[in-house]
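These notes are about the structure you will find just below.
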Amino acid sequence: MNNTHEPMPTNHSYDGYGHNGSGLGANRAALIIHTIGDVAAGFLGLWILLYLLEANQGNVFVEFVHGVADALAWWSQDIFTMDGEGVRVFLNYGLPAGLYLLLGHGIAARVRRI
């Protein structure tokens, strides 16, 4: 019997994304871009949900989410000016949420190809 133990072969260049180490920086950058887009869309979606469910506007958490959503959607405020307040909030905050998702995922996909 052979009592010598040989270590298992390892692939140290594997990055967890199925790549062999080349483009690791691009993958990390893409992940950051992708995550930023998702978080931005998440805040906007959360504000829409809180508004439509008539959350307490005086609550600190609701105020925080509203403030972040306003900062992210500053450019799309009052694009839609229909009478229904709920529909207006949905569209004025939903448009930037969708764009942040599309841009974040699209740019991340491009960066991964680098």
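In what follows, residues are counted from 1 in the order of the sequence shown.
Within 6.0 Å of CH2 on Trp75 lie more than 12 heavy atoms contributed by other residues, nucleotides or ligands.
A continuous path of Ile, Leu, Val, Met, Phe, Trp and Tyr side chains, each step under 4.5 Å between heavy atoms, connects Leu52 with Phe80, placing both in one hydrophobic cluster. Note on Val62 and Val39: same hydrophobic cluster, where clusters join Ile, Leu, Val, Met, Phe, Trp and Tyr whose side-chain heavy atoms are under 4.5 Å apart, directly or indirectly. Connection of Trp74 to Leu91 is established within a shared hydrophobic cluster, with ILVMFWY side chains joined at heavy-atom distances below 4.5 Å, either directly or through further cluster members. Tyr100 is not connected to Ile33 by any chain of hydrophobic side-chain contacts under 4.5 Å among Ile, Leu, Val, Met, Phe, Trp and Tyr, and they are in different clusters.
For the atom pair Ile32 CD1 and Asn27 CG, the distance stands at 11.0 Å (nearest 0.5 Å). Remark: Ile36 CD1 to Leu103 CG distance equals 12.5 Å, nearest 0.5 Å. In this structure, the separation between CG on Leu44 and CG on Leu95 is 10.0 Å, given to the nearest 0.5 Å.
Residue pairs meeting the salt bridge (Lys or Arg N to Asp or Glu O under 4.0 Å) criterion with at least one member in residues 63-84, sequence neighbours excluded, do not occur. Identified under the salt bridge (Lys or Arg N to Asp or Glu O under 4.0 Å) test for residues 84-109, with sequence neighbours left out: Glu85-Arg88.
Every residue two or more places apart in sequence or in another chain that forms a side-chain contact (heavy atoms from CB on, under 4.5 Å) with Val68 is listed here: Phe43, Phe64, Leu72.
A donor-acceptor distance shorter than 3.5 angstrom exists from the side chain of Asn92 to the backbone of Ile79, with no hydrogens or angles considered.
Using a 30° and 60° split on the angle between ring planes, His34 and His105 fall in the perpendicular class, above 60°.
Residues Val89 and Trp47 are in side-chain contact: their nearest non-hydrogen atoms beyond the backbone lie under 4.5 Å apart.
Considering Phe61, Tyr51, Tyr93 in turn, Phe61 is the only one that fulfils the side chain to side chain contact (heavy atoms under 4.5 Å, CB included) rule with Leu46.
Taking both residues in full, the closest heavy atoms of Ala41 and Ala97 are given as CB-O, 3.5 Å, listed atom of the first, atom of the second, then distance.
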